[in-house]
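The first residue of the sequence shown is numbered 1, and numbering continues consecutively from there.
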Amino acid sequence: MKLTLLSAGSERLILDEVDVGSGSLEIHQLKHLLHNDHGLKHPSRLSLRQQSNGKSLKDDVKLIDLSDNGNHAVLFVKDLGPQIAWSTVFLSEYAAPIAIYLLFYGRPSFIYDARLSTKPMDSVAKLACACYVGHYVKRVLE
């Protein structure tokens, strides 16, 4: 099966009449093939579409279903840019508040007057710290 790839934004030719084997390839397999054999970006960055401004194709769609006559398909490719893992976003979202709170809990002189940091921490402040940190630790461990 032959594949023609065009840029989604400018409709510039990227690959012309590339042989991708049988049409039983799924989109996610095609992305890996294009990355490994033809030097395109990492598969997580690629969005393959049937129309220049259309929606991205699902990864489980077969290439044969997209061809016009069973042996040739035209797809548009768009670079989605760098992708970060959900775990990175999740940890930064929940670990950062813990670190910032503990920084100010341990060193109140950063916010308040340095004379106040010599006084002992009140039990309510200790309880608030335990509840706050416990809440975020619970979220991180979930």
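- Judged purely by atom type and a 3.5 angstrom limit, S92 uses its side chain to pair as donor or acceptor with the backbone of T88.
- Between L40 and H35, the shortest heavy-atom contact is O-ND1, 3.0 Å.
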Practice prompt. Tell me, with the steps shown, if L30 and L75 meet side chain to side chain contact (heavy atoms under 4.5 Å, CB included).
Written response: CA-CA 11 Å; L30 178 63; L75 293 178; 3.9 Å; yes
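- Side chains of L6 and V77 form no contact here, defined as non-hydrogen atoms less than 4.5 Å apart.
- Scanning all heavy atoms of the two residues, the minimum distance from H32 to P43 falls at ND1-CG, 3.5 Å.
- Going from atom CG of L3 over to atom NE2 of H38 covers 8.5 Å, rounded to the nearest 0.5 Å.
- One distance of note links CG of N71 with NZ of K2; it measures 9.5 Å at 0.5 Å rounding.
- Between K62 and E26 the shortest heavy-atom distance is NZ-OE2, 3.7 Å.
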TODO: Go through T4 and I14 one step at a time and tell me if the side chain to side chain contact (heavy atoms under 4.5 Å, CB included) criterion holds.
DONE: CA-CA 8 Å; T4 300; I14 295 176; over 6 Å; no
Which pairs would a plain distance check flag for residues 124-136, meaning a side-chain donor or acceptor within less than 3.5 Å of a matching protein atom at least two apart in sequence or in another chain?
none

| query | Should L5 and L34 be marked as a side chain to side chain contact (heavy atoms under 4.5 Å, CB included) after you check the CA-CA gap, both sets of side-chain angles, and the distance that decides it? | reply | CA-CA 10 Å; L5 275 183; L34 293 172; 3.5 Å; yes
- Please step through side chain to side chain contact (heavy atoms under 4.5 Å, CB included) for the pair L46 and L80, ending with a clear verdict. CA-CA 6 Å; L46 296 178; L80 298 175; over 6 Å; no
For residues 49-57, dump all side-chain donor-acceptor pairs below 3.5 Å to protein atoms at least two apart in sequence or in another chain.
unit_1, atom_1, unit_2, atom_2, d
R49, NE, S47, OG, 3.1
R49, NH1, G54, O, 3.2
S52, OG, A8, O, 2.4
S56, OG, S47, OG, 2.4

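- Residue L13 is grouped with residue V74 when hydrophobic side chains (ILVMFWY) are merged at heavy-atom distances under 4.5 angstrom, including chains of intermediate members.
- Contact between L25 and L33 at its shortest, heavy atoms only, is CD1-CD2, 4.2 Å.
- Side-chain contact between V61 and L48 is absent, with no heavy atoms from C-beta onward closer than 4.5 Å.
- Annotation: the span from D60 atom CG to Q29 atom CD amounts to 10.5 Å, rounded to 0.5 Å.
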Counting only pairs under 3.5 Å, give me each side-chain donor-acceptor contact of residues 93-103, with atom names and distances, residues two or more places apart or in other chains.
none

